[in-house]
Amino acid sequence: MDIEKIEKKALSELEKLDSLDEVKKFEKKYLGNGGKVSEVFKSISKAPEKKRADLGKKANSLKNRLGKGIERKQKELRESAKKEMKRSFDVTLPGKETGLGHIHPLTSVLRSLCNIFEGMGFSVVRGPDIENSWYNFDALNFPKEHPARDMQDTLFIKQEEDLPSEERLLMRTHTSPVQIRYMEKNQPPVKIVVPGRVYRNETTDASHEINFYQLEGLMVDREISVANFKAVITSLIDKFFTGDVDVRLRPSFFPFTEPSFEVDMSCTVCNQEGCSVCSQTGWIEVLGAGMVHPNVLKNSGLNPKNWQGFAFGMGIDRMAMIKYGIEDVRLFYSGDLRFLNQF
Ligand code: PHE
């Protein structure tokens, strides 16, 4: 038996091990009961007598050297495991920063508009985004052939054809259906605002989005006039834009108001000097409004002889654009942090 060969083989085997378990197995194989080294010791007794002393010495030193080799290997493996642990669990390293989110500019504009209205005694209510044709059009006095009902302008839900209005579903094109929904269930005096998302089948550009936000307003009582409307809206605009803003009404048309107006405010961006936001006119259109049409009251179960009121619909995106001087509505929906982080 060649002791030197055994040692060489064993040490090169040991060198290749890379876990403490493997080292344990190695130890058993060589130094354990019935292991390779004990075989060497056994073989000594069979050797010629004069060689026995020498073989004994060699066997002992084999045993010692393997023992030391094993110890060294174990130490090495423990140390590299410790290093590995340190690398993955260094509690002294600074943590990864997780960015704190913040309120989207449209949400914060929506909230501050609602706050101002609440300060004037209005309640905030909501309605469904998926609406039916009755509430979105018929009840609001839209004639059957009105262009707004067209597929081109309205996003309809896929359904079988020729359903009655009450079952024909669509994405609401404005927040006005909530006027009817609210008055059906609540007797006047009514004083509400309705924020919410609306949808239009539109090609997008800097001032048009396929969805955007509106704030509907409705005030109904026995003697509500255009003067009341102008007072409420002027005070809203003054508070929201925190400045001296002029407001003017222009005649307009909506099927659900009579008379109807468009409301302009003096341009706060250029102080009426003329700029791109106001198309050089000094005035910016901010909302549509009017006195609630008698048919709308009737369709909500109210007698127009007893009740009257005003309604308005304001573009929340538009208010935000004017307030912050933003020229492209699409930025609000882009999710671009370079834009959002400015608010
Ligand atoms: N619903 C109208 C629109 O979306 C706005 C409006 C609301 C006009 C209430 C008058 C009264 O354009």
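Below, all heavy atoms of this structure are taken into account, side chains as well, without hydrogens, waters or symmetry copies. These numbers come from a predicted model, not from an experiment. Just so you know, ligand 1 is whichever comes first in the structure, and atom 1 is the first atom listed for that ligand.
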Legend entry - side-chain contact (heavy atoms from CB on, under 4.5 Å) partners for K24, two or more places apart: none

Legend entry - Residue from T257, V292, V232 passing side chain to side chain contact (heavy atoms under 4.5 Å, CB included) with F310: V232

Legend entry - Residues which pass ring pair (Phe, Tyr, Trp, His ring centres under 6.0 Å) with F117, listed by chain and number, not counting sequence neighbours: F122, F312

Legend entry - Those protein residues which place at least one heavy atom below 4.0 Å from ligand 1: H174, S176, Q179, R200, Q214, E216, F254, F256, T257, G288, A289, A311, F312, G313

Inset, instruction - Determine whether the side chains of D317 and Y333 contain a donor N or O and an acceptor N or O closer than 3.5 Å. - result: yes

Legend entry - Listed once per pair and sorted, the salt bridge (Lys or Arg N to Asp or Glu O under 4.0 Å) pairs that draw on residues 326-343, sequence neighbours left out: D328-R330, D336-R338

Inset, instruction - Determine whether L287 and E262 make a side-chain contact, defined as any pair of heavy atoms from C-beta on separated by less than 4.5 Å. - result: no

